[in-house]
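Just below is one structure, and these are the notes that go with it.
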Number of protein chains: 2
Amino acid sequence: MPRGRPRLFNPDKALDAALMLFWRHGYEGTSLAALAEAMDINMPSLYGAFGNKESLFRKALVRYIERPASYLSNALKTPDVRLAIRKMFQGAIDMVMEPGHPDGCLLVQGALASGPASEWVRRELSQRRAGAEAAVRRRLERAVDEADLPASTDPARLARYLITVLWGMSVQAAGGATREQLLDISNHALRALPPDHKVAKLSLHSA
Amino acid sequence: MPRGRPRLFNPDKALDAALMLFWRHGYEGTSLAALAEAMDINMPSLYGAFGNKESLFRKALVRYIERPASYLSNALKTPDVRLAIRKMFQGAIDMVMEPGHPDGCLLVQGALASGPASEWVRRELSQRRAGAEAAVRRRLERAVDEADLPASTDPARLARYLITVLWGMSVQAAGGATREQLLDISNHALRALPPDHKVAKLSLHSA
DNA sequence: TTATTTATGTAATGCTCGCTATAATATGTA
DNA sequence: TACATATTATAGCGAGCATTACATAAATAA
């Protein structure tokens with residue numbers, strides 16, 4: 001039903017290619033020439049379909065969260081908190097270790113620092129990271145409500161710590177950390193969770 | 001005693017200004033025009049005194065490690081391991097929170113990702129981060145040798161974890177974390193250290 | 001058909017990038 | 001003084017940047 005000439009390329013595939021490049025080289029390190037080549041389209045088509053560089057990056061960022069980084073929201077849906085957090089780390093490691101994937105998280109690698117012209121990238125990524133931290137915090141709050149974590153737990157502080165380790169793992173991945181090393185780090189972080197006393201409590205009640 | 005015309009600027013001050021800019025905006029986000037303006041010199045003077053952009057960055061990086069980031073090597077000199085690690089985190093927080101300082105660590109903010117032309121920056125910073133991790137590891141090894149930490153401690157893995165949290169704190173700082181929040185994170189991380197049993201041991205011996 | 005609409009291919013826009021040629025200026029040495 | 005040396009100031013270099021005219025090609029609507 002579209003009116004004019006149909007496009008010869010697949011916008012989703014093209015966006016995936018763009019995401020890969022932004023992810024690997026960061027916002028400022030990725031040129032439109034390189035993008036057009038990787039997306040296998042020419043520049044007018046790129047601008048027609050995705051707008052300018054900023055618009056393209058925003059679309060790629062949304063796609064990143066929806067697809068390769070969906071492990072986060074998925075993991076947090078797990079009924080058991082401890083398993084949920086474990087899945088979060090496992091998912092992050094799996095994503096980073098996916099063959100052909102850049103080493104690290106786009107929310108961290110995209111731009112921690114930037115030139116004056118692209119400060120909005122820093123802010124945008126910072127907000128997205130804050131969003132991820134808030135999601136973890138809400139999950140911990142739920143766990144406290146459900147008595148899955150002791151009432152003495154401070155969800156905001158614990159979430160901040162766990163997500164800090166996750167960002168640190170992204171930095172380590174950029175330095176070439178192996179899957180085993182990242183797993184070891186996440187196992188260390190998991191000890192920050194209050195130990196599970198449910199079994200003990202249950203046996204106490206049943207006694 | 002120099003033969004020709006003496007330079008009108010202070011090279012150390014100029015290098016500090018360059019460091020500040022690289023630190024805040026990253027390698028690719030910092031232009032030579034901006035550098036020359038901040039250093040208050042013109043381009044031929046810049047090239048005469050510091051070489052090209054790569055050379056200038058390398059000099060700024062060395063200076064960074066020698067001066068604002070010297071807290072690391074200083075902290076690790078502390079006789080008590082636990083205090084040494086605590087001082088490491090405290091020093092990092094103090095550095096980041098210094099008024100007018102960029103938010104984060106140059107080894108992290110400088111370039112986690114980069115365009116193909118400046119991949120050497122990624123590698124260089126990655127190596128420096130590895131160097132910092134190795135310094136912590138050696139300190140922990142020493143602590144095990146001195147029975148300051150139990151023999152069951154794995155210095156490499158513990159060092160990797162602690163430094164991962166430090167890099168994560170740098171990411172959090174880039175997102176605007178407060179001193180209190182960073183302190184809370186570091187306090188969490190310190191619990192990864194095996195508890196100090198020396199007092200108990202001593203009282204056992206003295207009993 | 002003709003007109004309209006949209007995508008494509010080529011090429012060029014103005015701008016900033018890192019870098020340098022040229023000339024003038026200020027010191028020390030002969 | 002005259003020369004050699006080094007720093008300064010101005011201005012410009014080619015290359016790459018993001019972005020866009022312009023003309024052509026392929027679809028629908030009349």
Please report the distance, rounded to the nearest Å, between [atom1] in [X] and [atom2] in [N].
| X | N | atom1 | atom2 | answer |
| --- | --- | --- | --- | --- |
| B:D40 | D:dT7 | CG | P | 17 Å |
| A:F50 | D:dT19 | CZ | P | 15 Å |
| B:M39 | C:dG18 | CE | P | 13 Å |
| B:F57 | C:dG18 | CZ | P | 13 Å |
| A:E37 | D:dG16 | CD | P | 14 Å |
| B:L8 | C:dT27 | CG | P | 8 Å |
| A:Y47 | C:dT13 | OH | P | 17 Å |
| B:L32 | D:dG14 | CG | P | 19 Å |

| query | When the nearest nucleotide of DNA chain C is assigned to B:E28 and to B:G4 on a heavy-atom basis, which residue is associated with the more 5' position? | reply | B:E28

| message | Please compare B:A33 and A:L46 by the position of their nearest nucleotide in DNA chain C and report the one closer to 5'. | response | A:L46

| field | Side chains of A:E28 and A:S114, donor plus acceptor under 3.5 Å | value | no

| Between B:N52 and B:S55: side-chain donor-acceptor atoms closer than 3.5 Å | no

| Relative to the 5' end of DNA chain D, which residue comes earlier, B:M43 or A:N52, by the nucleotide with the nearest heavy atom? | B:M43

Presence of [X] side-chain N/O under 4.0 Å of [N] phosphate oxygens OP1/OP2:
| X | N | answer |
| --- | --- | --- |
| B:S45 | D:dT7 | no |
| B:R7 | D:dT7 | yes |
| B:N42 | D:dT8 | no |
| A:R3 | C:dT6 | no |

| request: With the side chain counted from C-beta on, respond yes when A:R160 and B:Q181 share a heavy-atom pair under 4.5 Å apart, and no when they do not. | output: yes

Under 4.0 Å between any heavy atoms, over every strand shown, what does [X] touch: base, sugar-phosphate, or nothing? Just pick one.
| X | value |
| --- | --- |
| B:P44 | base |
| A:I41 | nothing |
| B:T30 | sugar-phosphate |

Show me the donor-acceptor pairs, under 3.5 Å and distance only, between side chains in residues 83-95 of chain B and residues at least two apart or in other chains.
from	atom 1	to	atom 2	distance (Å)
B:R86	NH1	B:N187	OD1	3.4
B:Q90	NE2	B:D94	OD1	3.2
B:D94	OD1	B:R179	NH2	2.5

| task | Please state whether the rings of B:H101 and B:W23 are parallel, tilted or perpendicular, taking 30° and 60° as the class boundaries. | result | perpendicular

| remark: Of the listed C:dT27, C:dG9, D:dT19, the closest approach to the B:P6 side chain comes from C:dT27

| query | Does any N or O donor sit under 3.5 Å from an N or O acceptor when you compare the side chain of B:R5 with the base of D:dT7? | reply | yes

